[in-house]
Student: 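Just dropping this structure here.
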Amino acid sequence: QVQLVESGGGLVQAGGSLRLSCAASGSIFSIQAMGWYRQAPGKQRELVAAITTGGSTNYVDSVKGRFTISRVNAKNTVYLQMNSLKPEDTAVYYCRSETFGYWGQGTQVTVSS
């Protein structure tokens with residue numbers, strides 16, 4: 001079983017930056033594709049960014065050019081660097097193992113206008 005623990009959320013003003021981290025347990029992190037999702041109040045959870053085992057990435061259109069997903073396999077960690085944050089980015093952000101389907105507990109990101 002894989003355990004995922006997110007950190008790095010918080011309150012930031014519009015235009016600011018945050019970096020989310022997702023630490024995975026176990027020794028099989030390097031073979032997992034990973035994703036960051038978010039869910040705003042009253043909305044469905046959506047995929048924000050994903051990264052394959054080889055480092056290929058994809059993003060939802062609304063964050064392209066502002067967010068960057070990356071991974072450090074030696075640290076069993078995937079990151080989401082979020083720049084130029086907007087109030088509409090406010091949500092709970094979740095890390096997910098795309099390979100095995102495990103979810104983290106989520107971390108709140110709030111962007112004030």
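These figures come from a predicted structure and were not determined experimentally. For this chain, numbers begin at 1 and follow the sequence in order.
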Student: Using only heavy-atom distances, determine whether the side chains of Gln108 and Thr110 contain a donor-acceptor pair under 3.5 Å.
Tutor: yes
Student: Say whether, by atom type as modelled, one donor and one acceptor occur between the side chain of Thr99 and the main chain of Ala33 under 3.5 angstrom.
Tutor: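 Side chain of Thr99 to backbone of Ala33: a pair is present.
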Student: Can the positive tip of Arg19 be found less than 6.0 Å from the middle of the six-membered ring of Tyr79, inside 45° of the ring normal?
Tutor: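 Yes, Arg19 and Tyr79 form such a contact.
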Student: Is there a side-chain contact between Ile51 and Trp36 in this structure, where contact means two heavy atoms from C-beta onward sitting under 4.5 Å apart?
Tutor: no
Student: Cys22 pairs by side chain to side chain contact (heavy atoms under 4.5 Å, CB included) with which of Ile69, Val5, Asn76, Leu4?
Tutor: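 With Cys22 as partner, Ile69, Val5, Asn76, Leu4 yield a single side chain to side chain contact (heavy atoms under 4.5 Å, CB included), made by Leu4.
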Student: Begin from the C-alpha positions of Leu47 and Val60 and carry the test side chain to side chain contact (heavy atoms under 4.5 Å, CB included) through to its verdict.
Tutor: CA-CA 7 Å; Leu47 176 64; Val60 67; over 6 Å; no
Student: Linking I/L/V/M/F/W/Y whenever their side-chain heavy atoms sit closer than 4.5 Å, directly or via other members, would Val72 and Ile31 fall into one cluster?
Tutor: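 Different clusters: Val72 never reaches Ile31 through Ile, Leu, Val, Met, Phe, Trp or Tyr contacts under 4.5 Å.
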Student: Can you tell which of Val109, Leu20, Val63 makes a side chain to side chain contact (heavy atoms under 4.5 Å, CB included) with Arg38?
Tutor: Val63
Student: Look only at the side chain of Thr77 and the backbone of Lys75, and say whether a donor-acceptor pair between them is shorter than 3.5 Å.
Tutor: yes
Student: Between the side chains of Tyr37 and Arg45, does any donor sit under 3.5 Å from an acceptor?
Tutor: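 Side-chain D/A pair, Tyr37 to Arg45: absent.
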Student: Cation-pi check, Arg71 to Phe29: give yes when NZ or CZ is under 6.0 Å from the six-membered ring centre and within 45° of the ring axis, no otherwise.
Tutor: yes
Student: Check the side chains of Gln32 and Ser97 for a donor-acceptor pair under 3.5 angstrom, ignoring hydrogens and angles.
Tutor: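 Indeed, the side chains of Ser97 and Gln32 share at least one donor-acceptor pair under 3.5 Å.
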Student: Check this for me: does any side-chain nitrogen of one of Lys64 and Asp61 sit under 4.0 Å from a carboxylate oxygen of the other?
Tutor: yes
Student: Between Trp103 and Tyr94, what is the ring plane arrangement, given parallel below 30°, perpendicular above 60°, and tilted in between?
Tutor: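 Judged by the thresholds at 30° and 60°, the geometry between Trp103 and Tyr94 is perpendicular.
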Student: With rounding to the nearest 0.5 angstrom, report the OH to CZ distance, Tyr93 to Phe67.
Tutor: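 The OH atom of Tyr93 sits 4.0 Å away from the CZ atom of Phe67.
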